[in-house]
Amino acid sequence: MERIPVSGPWITQKEIDYVTDAVTNAWYSNANCFHERFENAFAKHLGVRFAAALPSCTSAIHLALAARGIGPGDEVIVPEATWIASAAPVHYVGATTVFADVDPKTWCMSAESFEACITPKTKAVIPVDLYGNMPDWDAILAVAARHGVFVIEDAAEAVGSEYKGRPAGSLGEVGVFSFHGSKTLTTGEGGLLATNDETLFRRALFLRDHGRKPGDRMFYNAEIAYKYKMSSMQAALGLAQLERVDELITRKREIFSWYKAELAGLPGVALNPEPPGTKNSYWMVTVILDASYKLSKVQLMDLMTNEQIDTRPFFHPLSSIPAYHDSEQARIARARNSVAYQISAAGINLPSALNLDQAKVRHVCDVLKAILKHA
Ligand SMILES: *Cc1c(COP(=O)(O)O)cnc(C)c1O
């Protein structure tokens, strides 16, 4: 059997047609036509007023922090269990990263831990909709409002997820997305910043174009800033994918339902939660093994690799990885964030690519069941 990849997109003739149109026509006075269509359609999809297409989600988080004026001396709280891109931009602006523990019910940031991390220096929080799972947003937003903390929702993995009917990416003051090739909706590489805050949005547009005033035609820069723009070809790809977003999410949910049926009744195996009132778009189907299996994620990944099945480790706690290990905040976090350490130790992402079929999912589950039987 051929190798089963862990992630990958679903590209159709529509995507090819739109990108061909862009590379042929989106020049001269039409240079921005696909950006405008993509940004408008994405804002409409989210029900927010403004959206800016960017080269990555990392740049979107960086811009959100910079546009808010966050910098040295400020603290920004991120969940312990996430991809480093959620946190690295805090360092770019010179602020201090604080790691909050996650909630065992959602695997996302715990509102209690978030509140416990708040100090007079706390300026922002970046909750993450991990693997498509939704955190307890009511509780998180209540804590943020009580303490006046700016909320950036990292919805990189959650296009199509919902919390009480509200789309992922529309819950914070800013929502950010990734369209990396592994993500549910892709532009190859890409990202987006969405917000209802016009002042913040204008500032983000200024900062992402080398600090030029809107409409500047004299190449006369008011500040030293950044260059964060997406190409027309990427915007065209994004537009085609967005017009198929319901289909993409339906397929993701279908893939999850195949796994759920195959793994039902297997003791000590937890799959992505979908608490009442939420919709999970299941970017990555994830299993967490009970400690009784005495199998680490590394061992499990190796055994799956031997069978030509690609997996990924559950994100390592950020305070454990070399990039952050020696910081003062990481030391504090290691003593505090036991839930993230526990979940991460025994979790892996199973193949969740959009080209999977039911037979392949059955094969992955058969392999997993055989491994667990002998564990
Ligand atoms: C993929 C991802 C990002 C970063 O996206 P890029 O587009 O690669 O910058 C940020 N946060 C999370 C949670 C992600 O999964």
Side-chain angles (χ1 to χ4, degrees), residues 6-9 38 42 51-66 76-93 97 99-100 102 106-109 124-135 137 140 151-161 168-169 171-172 174-194 204 208 226-231 234-235 237-238 241-242 252 272 280-286 312-318 321 323-324 340 343-344 347-349 352-354:
V6 72
S7 68
F38 180 48
F42 211 98
L54 299 169
S56 64
C57 182
T58 306
S59 59
I61 298 172
H62 185 192
L63 273 183
L65 292 167
V76 178
I77 300 172
V78 302
E80 176 74 86
T82 182
W83 174 229
I84 193 171
S86 308
V90 176
H91 185 83
Y92 303 169
V93 298
T97 316
F99 309 97
V102 300
T106 64
W107 311 347
C108 300
M109 181 185 277
V125 63
I126 311 178
V128 179
D129 303 326
L130 197 73
Y131 303 133
N133 303 357
M134 295 304 267
W137 272 107
I140 287 174
V151 181
I152 301 170
E153 178 184 7
D154 183 347
E157 306 178 354
V159 68
S161 291
L171 289 138
V174 171
V176 295
F177 289 88
S178 171
F179 309 127
H180 177 259
S182 67
K183 300 287 167 38
T184 300
L185 187 162
T186 192
T187 61
E189 293 279 0
L192 182 133
L193 179 154
R208 71 95 165 255
Y226 315 102
K227 178 61 199 296
Y228 285 151
K229 291 181 94 173
M230 179 184 266
S231 76
Q234 290 169 303
L237 180 48
Q241 289 261 287
L242 185 60
K252 282 286 193 186
N272 312 50
N280 196 324
S281 57
Y282 299 118
W283 172 54
M284 285 267 178
V285 178
T286 304
R312 286 191 189 184
F314 197 102
F315 292 120
H316 309 290
L318 291 175
I321 59 176
Y324 287 108
I343 290 178
S344 166
I348 66 166
N349 307 124
S352 307
L354 284 158

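Remember, it's 1-based here, ligands and their atoms both numbered in the order they're listed.
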Open item on the list: What's the separation between atom SG in C57 and atom NZ in K183, rounded to the nearest 0.5 Å?
Closed with: 6.5 Å
Open item on the list: Show the atoms of ligand 1 that are less than 4.0 angstrom away from any heavy atom in T82.
Closed with: 13 (C)
TODO: Ignoring hydrogens and angles, tell me if any N or O in the side chain of Q234 forms a donor-acceptor pair with the backbone of G188 under 3.5 Å.
DONE: no
- [ ] Would you check whether F315 has a nitrogen or oxygen atom less than 3.5 angstrom from a nitrogen or oxygen atom of ligand 1?
- [x] no
Open item on the list: Keeping S161 on the side-chain end and G132 on the backbone end, is there a donor-acceptor pair under 3.5 Å?
Closed with: yes
- [ ] State the atoms of ligand 1, each with its element, that fall below the 4.0 Å cut-off from a heavy-atom position in A85.
- [x] 3 (C), 4 (C), 10 (C)
- [ ] Would you check the N or O atoms of H180, main chain and side chain alike, for any that come under 3.5 Å of an N or O of ligand 1?
- [x] no
Open item on the list: Show the atoms of ligand 1 that are less than 4.0 angstrom away from any heavy atom in S86.
Closed with: 11 (N), 13 (C)
Task: Whether S182 lies under 4.0 Å from ligand 1, heavy atom - done: no
Open item on the list: Go through it in stages, so that I can follow the logic: the residues are Y226 and Y92, the test is ring-ring contact (aromatic ring centres under 6.0 Å, His included), and I'd like the CA-CA distance, side-chain angles, deciding distance and then a yes or no.
Closed with: CA-CA 12 Å; Y226 315 102; Y92 303 169; 9.0 Å; no
TODO: Would you please determine whether K183 falls within less than 4.0 Å of ligand 1 on a heavy-atom basis?
DONE: yes
Open item on the list: I'd like to know if the side chain of Q241 reaches the main chain of T186, judged simply by a donor and an acceptor atom lying under 3.5 Å from each other, with no hydrogens or angles considered.
Closed with: yes
TODO: Measure the spacing between CH2 of W107 and CG of N133 and express it to the nearest 0.5 Å.
DONE: 5.5 Å
TODO: Quick one: look up the protein heavy atom nearest atom 7 (O) of ligand 1 and list residue, atom name and how far away it is.
DONE: S178 OG, 2.7 Å
Open item on the list: So if I count the atoms of ligand 1 from 1 in the order they appear, which ones are less than 4.0 Å from some heavy atom of E157?
Closed with: 12 (C), 13 (C), 14 (C), 15 (O)
Task: ligand 1 contact on C57 by region, counting heavy-atom pairs under 4.0 Å - done: both
Task: Interatomic distance, K252 atom NZ to W283 atom CH2 [nearest 0.5 angstrom] - done: 8.0 Å
Open item on the list: Check this for me - ligand 1, D154, N or O atoms closer than 3.5 angstrom, yes or no?
Closed with: yes
Task: Per-atom contacts, ligand 1 versus V128 - under 4.0 Å to a heavy atom - done: 13 (C)
Task: Heavy-atom donor-acceptor pair, D129 side chain to E153 backbone, under 3.5 Å - done: no
- [ ] May I ask you to decide if the ring planes of Y131 and F315 are parallel, tilted or perpendicular, using 30° and 60° as cut-offs?
- [x] parallel
- [ ] Would you mind listing which atoms of ligand 1 come within a distance below 4.0 Å of any non-hydrogen atom of G190?
- [x] 7 (O)
- [ ] Determine whether the side chain, the backbone, both or neither of T58 has a heavy atom under 4.0 Å from any heavy atom of ligand 1.
- [x] both
